[in-house]
Visitor: 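The structure under discussion is supplied below as structure tokens; questions concerning it will follow.
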Amino acid sequence: MEQEEKSLNFIEQIVEKDLAEGKNDGRIQTRFPPEPNGYLHIGHVKAICMDFGIAEKYNGVCNLRFDDTNPVKEDTEYVDSITNDIAWLGFKWGNIYYASDYFEQLYDLAIRFIKEGKAYVDEQTAEQIAEQKGTPTEPGVASPYRDRPIEENLRLFQAMQNGEIEEGKMVLRAKIDMANPNMHFRDPIMYRIITSHPHHRTGHRWNVYPMYDFAHGQSDYFEGVTHSICTLEFVVHRPLYDWFIDQFAEGDYRPHQYEFNRLNITYTVMSKRKMLQLVKEGLVAGWDDPRMPTVCGLRRRGYTASAIREFIDKIGYTKVEGMIDLGLLEHTVRENLKMSAPRVCAIFDPVKLVITNYDAEGETIVAENIDGNPELGTREMRFAKELYIERADFQEEGDKNFYRLSPMGREVRLKSAYIIQATGCEKDADGNITTVYATYDPQSKSGTEGGNRKTKATINWVECNSCIDAEVRLYDRLFAVENPSAEEGDFRELLNPDSLKIVNAKVEGALAGVKPQEHFQFLKQGYFVVDDDSSAEHLIFNRTASLKDNWQK
RNA sequence: UGCUCAAUGGUGUAAUGGUAGCACUACAGAUUCUGGUUCUGUCUGUCUGGGUUCGAGUCCUGGUUGAGCAACCA
């Protein structure tokens, strides 16, 4: 069997080139470095697939490293959710590390920088420092503390760590170049004092904490990372990443940073800050609300790990910042569930159908879970004189484009059962249809000789006495506009007011014992998953994705 | 009027100096016991000016457009 060769993305090309040149003795090591300050979302999954994927593909290792350098925002709650989500996605890390594992080493390194005249303690306010930084078009000016004697820097930095200095009063800055066109070289802050919050792992051991730029590259170096892959906004940090490492590294080994485009999807946001706000203000039901682009939200929505990974595989990695059509994500999950989700009938807006010439007590029909795939099993459906059908499947005066039930003589198939013809209907005082009447052809049962006759339409049904009630949550896009981040004003006003509609549906009795995370296709409706809060007493289904609907009025 | 990165159909992505291809979307037709699926077909693209070359989406150069960078965040 010939397999079409998938082209390599630009990072894979770099890795293969490095491998061919024998760099790092052929060793490939990556890391996924989340900050434990929020839940993982599908944008992170893109990074996860890259970091773990490269290691897997080239016989390397990918470690999980929590970038926990800011105790103000971080917590073990997030550590747990992150490891859980990565495992659910099906990835295996080598080790779990923490940037806080290196606080001792980083502190010693900072001391060395001070002793070598490459760092100084600044006691200006944050505002003063920001002002002196200049702008992208104007150079900055030097801090008055820039040329403090080394001994004094040493003493003050130790005082910072000893808790003798109040939070916010002093920082340790690298002495580089206040006029550098790259803003990140204008004496970046290496350490700040944080005494107000204990660290989730080191408690009150430290009063000073390293900044990202002084921690990330060094951590990579300490661990032996070869390819440090991140998103595009870190491109401008790369020279500083290299600079810090070059100040102390020995030998030839260097980790290298590479950057790819982050994921944006239409009709959603990919910002932890905005997600946190939606959760905190109760605009969604939580981090795992099925409308959220979080991993736990997608899972609860009914997305499988393989569907999410297939999606990431489709979108690719480049350096072009773009916006992925939400339709591609939906297409991917439909494709993913198509071959596995059992088909069942669920009636969202029921109207009673009475088959006037059906005199038997009722009968049991055996239906395939997926048409044409008998190996995927069958289920029993109760059939009798009184059924529920979808209100929209009957029109008293159907036009020529409507080819379902109508008392105009056309024959319609009841899915997996008999062919019927509508004879009329009954209405209440307001003119609403309360009952539809039809006759059936006893010879037309599905699977029998007489049932081979073609009908233009097939409609869904459930039997009145055996069907069960279920709450069905119809989820739709979270935002009403394609790109909420591009709009002026408050993003919360852009929320889609119809992102959740709840209906009380009648579903087949066969669904009585379903468990959370079981997937189904409700015929003609879409893919649905059993919600985590569902129980035998109160069934709840979440719509994962609707079916495509080409029937336009 | 700084530095950095980028520019291929509506969207995403390939072509690594040699036939601009794939997927999604849209539209049309066929099939269908889901107006789903499947199958077939159609529409639509190399930002722009110059240069190198037998040959440029690809290399060079000028421009245009977009994005990122001025947190004691990561």
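Computed from a predicted structure; not experimentally measured. Letters go in sequence order (proteins before strands), and every chain restarts at 1.
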Visitor: Within residues 323-337 of chain A, find the residues that approach RNA chain B with a heavy atom at under 4.0 Å, and present them sorted by residue number.
Guide: A/Met323, A/Ile324, A/Asp325, A/Leu328, A/His331

Visitor: Would you mind classifying the nucleic acid contact of A/Phe10 as base, sugar-phosphate or nothing, using non-hydrogen atoms under 4.0 angstrom?
Guide: nothing

Visitor: With sugar-phosphate meaning primed atoms plus P, OP1 and OP2, does A/Ala130 contact a base, only sugar-phosphate, or nothing at under 4.0 Å between heavy atoms?
Guide: sugar-phosphate

Visitor: Does B/rG9 have a Watson-Crick or wobble partner in any strand here, with both distances under 3.5 angstrom, and which is it?
Guide: none

Visitor: Classify the ring geometry of A/Phe383 against A/Tyr418: parallel below 30°, tilted from 30° to 60°, perpendicular beyond 60°.
Guide: tilted

Visitor: Take the protein atom CD of A/Gln257 and the nucleotide atom P of B/rC5, then report the distance between them rounded to whole Å.
Guide: 13 Å

Visitor: RNA chain B: A/Asn9 or A/Arg404, which has the more 5' nearest nucleotide?
Guide: A/Asn9

Visitor: Near RNA chain B, under 4.0 Å by heavy atom, which residues of residues 519-529 of chain A?
Guide: A/Gln521, A/Leu523, A/Lys524

Visitor: Contact class for A/Asp213 vs. all strands (heavy atom < 4.0 Å): base, sugar-phosphate, or nothing?
Guide: nothing

Visitor: Check the orientation of A/Tyr97 and A/Tyr102. Use parallel for under 30°, tilted for 30 to 60°, and perpendicular for over 60°.
Guide: tilted

Visitor: Please list, for nucleotides 65-68 of chain B, all pairs of protein and nucleotide N/O atoms separated by less than 3.5 Å.
Guide:
{"residue": "B/rA67", "atom": "O2'", "partner": "A/Glu321", "partner atom": "OE1", "Å": "3.2"}
{"residue": "B/rA67", "atom": "O2'", "partner": "A/Glu321", "partner atom": "OE2", "Å": "2.5"}

Visitor: For A/Gly168, answer base if it contacts any base atom (sugar-phosphate contacts may also be present), sugar-phosphate if it contacts only those atoms, and nothing otherwise; contact means non-hydrogen atoms under 4.0 Å.
Guide: base

